[in-house]
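Some notes on the structure that comes next.
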Amino acid sequence: MAHELTHTLQQTSGEQIIRRDPDGERKATDFKKVEMVFNGEELIVYGDGEEIMRYDGDSGRPITVTEEDAEACGADVDTDTYLNDRRFTGIKDKGPIPEGTYTFSPPGIAEFSAGEQWDLLVGGILGDMNVTIQGQSIHSGDWGAGRVHLNPVAVRQGPCGNARGRSAFFLHGGLLRGSSGCIDIQTSFDELAAFLGGYRKPVTLKVEYTDAATRVGFWTGLGGALAYQGFHFTSQGTGLVGAELSGGRTSFVASLQYNALLDWAGGALAAGIHVDVPVDDRDAFVRAGLRGGAEFRVYQALYGRIFGGGYYESARGDLPAGFGLLAGGGLGYDFGPVQMEALYNFLAPLGDADAATTDRPERQRAHQILTGIGFEW
């Protein structure tokens, strides 16, 4: 969203008269020279040296870096992505636009209708290379409301890869964050195109990354995985020990878990099985069940988990066997193939119909605090 600066202009003899659209917005034709700067976080628009507006912007794919690129560029394959990270400006089709100077011609802006945007986006997700739009074959993808080609004038080499060997740069819109090396201003492109309407001079755009690389969260990473096929399937086995409090009694429990994960930069979906056994009472319960949930990155290698599911618990003493529901959450730290986790589980047995008409005791709700180590492959 653009944030227009408010200024008071006194229109006196000899001063420039600023013309406005009916909605009061300034136009590029009000200025002799329009320039732009992309800093890795925002696209800033200037008119005759005066800042006019800012748009949120991104460049590069919000997907996990490959092992090859991580090694070449000095990155962490478990936590780093290509989004707005200047280390990867030399990585073709994945890294952000290289630093340097570009120009574009406003009359060359191509705008897309809502239906055309949908066709391009779906084509990109489904892997179609090109979609015919307005009689032209256009590379599919999340172009948003439009695009304009950026012509490199002076490109600086990055720390790895070949920045000067890259091409096909655009300034464009989009629904999902990120790009394959273009500048994506998301849903603001139509507003920028309207501002540039009628302006026929070349616009200079400078790229210089002044901020730290963007941290990719659950939803941004999911969008990147959908747009750029950034999903990965992994498996995880975890062993945990801890305490369980139920009916005023505390027991020590060991829990073995297996999860299948569909993960992406910043998050994952998990589904698996677990078996709980008591450590201090061989005659007590054995509990087994299914669970599913989500993981989300909190900061760097620290991640959170939320989950829920069901379980079956064996009979013990006067307590009958039965089913129950569970919910919980926790934190973990990812060391690569090894993870450390701390979890809380709440277990609620489903009602025992016979217990209401007899003196047989009912199974009690339970709280678990567990910690352990997992291995991912």
Side-chain angles (χ1 to χ4, degrees), residues 35-44 54-104 139 141-142 149-172 174 176-186 204-217 220-221 223-225 227-230 232 263-266 297-303 333-337:
E35 299 173 295
M36 299 182 187
V37 173
F38 176 65
N39 61 17
E41 184 177 279
E42 295 176 309
L43 179 72
I44 309 169
R54 291 176 178 237
Y55 299 98
D56 292 333
D58 293 302
S59 188
R61 296 185 178 185
I63 61 174
T64 304
V65 299
T66 65
E67 292 185 4
E68 179 183 1
D69 291 341
E71 182 177 357
C73 304
D76 188 332
V77 70
D78 295 313
T79 60
D80 289 330
T81 75
Y82 298 98
L83 187 68
N84 299 329
D85 193 325
R86 67 176 303 275
R87 290 177 295 178
F88 303 112
T89 54
I91 306 301
K92 183 180 178 180
D93 294 333
K94 296 178 181 177
I97 186 170
E99 293 183 303
T101 302
Y102 303 78
T103 63
F104 70 87
H139 194 286
D142 185 23
H149 185 258
L150 299 178
N151 303 294
V153 176
V155 173
R156 294 201 292 272
Q157 187 64 275
C160 58
N162 182 13
R164 293 192 178 97
R166 300 182 65 188
S167 60
F169 301 109
F170 287 86
L171 170 61
H172 64 78
L176 306 174
R177 291 184 64 182
S179 70
S180 294
C182 303
I183 298 174
D184 172 17
I185 58 171
Q186 301 157 38
T204 299
L205 191 158
K206 294 183 179 180
V207 176
E208 184 172 3
Y209 296 96
T210 58
D211 297 305
T214 303
R215 183 179 69 86
V216 174
T220 298
Y228 306 110
Q229 294 80 48
H232 305 280
D263 61 18
W264 57 86
R297 194 165 302 282
V298 177
Y299 180 74
Q300 297 294 339
L302 181 68
Y303 62 90
Y333 197 89
D334 191 349
F335 292 96

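Predicted model only: the values in this text are computed from it and were never measured.
- Residues Gln157 and Asn162 meet the side-chain proximity criterion, which asks for heavy atoms closer than 4.5 Å.
- In plain terms, the two heavy atoms of Ser59 and Cys182 that are nearest each other are OG-O, 2.6 Å.
- Of the inter-residue distances, the one linking Leu302 atom CG with Thr79 atom OG1 reads 12.0 Å to the nearest 0.5 angstrom.
- When the ring-ring contact (aromatic ring centres under 6.0 Å, His included) test is applied to Tyr102, the partners found at least two apart in sequence or on another chain are Phe169.
- Of the inter-residue distances, the one linking Arg215 atom CZ with Arg297 atom CZ reads 9.5 Å to the nearest 0.5 angstrom.
- A 4.5 Å side-chain heavy-atom check between His172 and Asp184 finds at least one atom pair inside the cut-off.
- Put simply, CG on Leu171 and NE2 on His149 are 12.0 Å apart, with the number rounded to the nearest 0.5 Å.
- Proximity of Thr214 to Arg177: side-chain heavy atoms (C-beta onward) are separated by under 4.5 Å at one or more points.
- At distances below 3.5 Å, not a single donor-acceptor pair connects side-chain atoms of Asn151 with backbone N or O atoms of Phe104.
- Minimum heavy-atom separation, Ala70 to Val65: CB-CG2, 3.9 Å.
- Interatomic distance, Ile91 CD1 to Cys160 SG, rounded to the nearest 0.5 Å: 4.5 Å.
- Remark: Arg156 CZ to Arg164 CZ distance equals 10.0 Å, nearest 0.5 Å.
- Residues satisfying the side-chain hydrogen bond (donor to acceptor under 3.5 Å, both in side chains) criterion with Thr101, sequence neighbours excluded, are absent altogether.
- The nearest pair of heavy atoms linking Val155 to Ala163 is CG1-O, 4.1 Å.
- Checked against side-chain hydrogen bond (donor to acceptor under 3.5 Å, both in side chains), Asp80 has the following partners two or more places apart in sequence or in another chain: Arg87.
- Donor-acceptor pairing under 3.5 Å is recorded for the side chains of Ser180 and Arg61.
- Scanning both residues, Asp93 and Arg166, for their nearest heavy atoms gives N-NH2, 3.7 Å.
- Counting non-hydrogen atoms of neighbouring residues, nucleotides and ligands closer than 6.0 angstrom, the CD atom of Gln229 exceeds 12 such neighbours.
- With sequence neighbours excluded, no residue forms a side-chain hydrogen bond (donor to acceptor under 3.5 Å, both in side chains) with Glu41.
- Heavy-atom neighbours of Arg86 CZ from other residues, nucleotides or ligands within 6.0 Å: at or below the threshold of 12.
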Intermediate values then yes/no, side-chain contact (heavy atoms from CB on, under 4.5 Å), Leu150 and Ile97: CA-CA 10 Å; Leu150 299 178; Ile97 186 170; 3.9 Å; yes

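- Evaluation of the ring-ring contact (aromatic ring centres under 6.0 Å, His included) test over residues 64-86, restricted to residues two or more places apart or in two chains, returns Tyr82-Phe88.
- Contact detail for Ala265 and Pro62: the closest heavy-atom pair is CB-O, 3.8 Å.
- Residues Asp58 and Gln186 meet the side-chain proximity criterion, which asks for heavy atoms closer than 4.5 Å.
- The side chain to side chain contact (heavy atoms under 4.5 Å, CB included) with Leu205 is formed by just one residue from the set Leu43, Thr103, Val37; it is Leu43.
- Here Tyr209 pairs with nothing under the side-chain hydrogen bond (donor to acceptor under 3.5 Å, both in side chains) rule; sequence neighbours left out.
- A distance of 12.0 Å separates OG1 in Thr220 from CH2 in Trp264, rounded to the nearest 0.5 Å.
- Val216 approaches Leu83 most closely through the heavy-atom pair CG2-CD2, 3.9 Å.
- The shortest distance between side-chain heavy atoms of Thr89 and Val207 does not fall below 4.5 Å.
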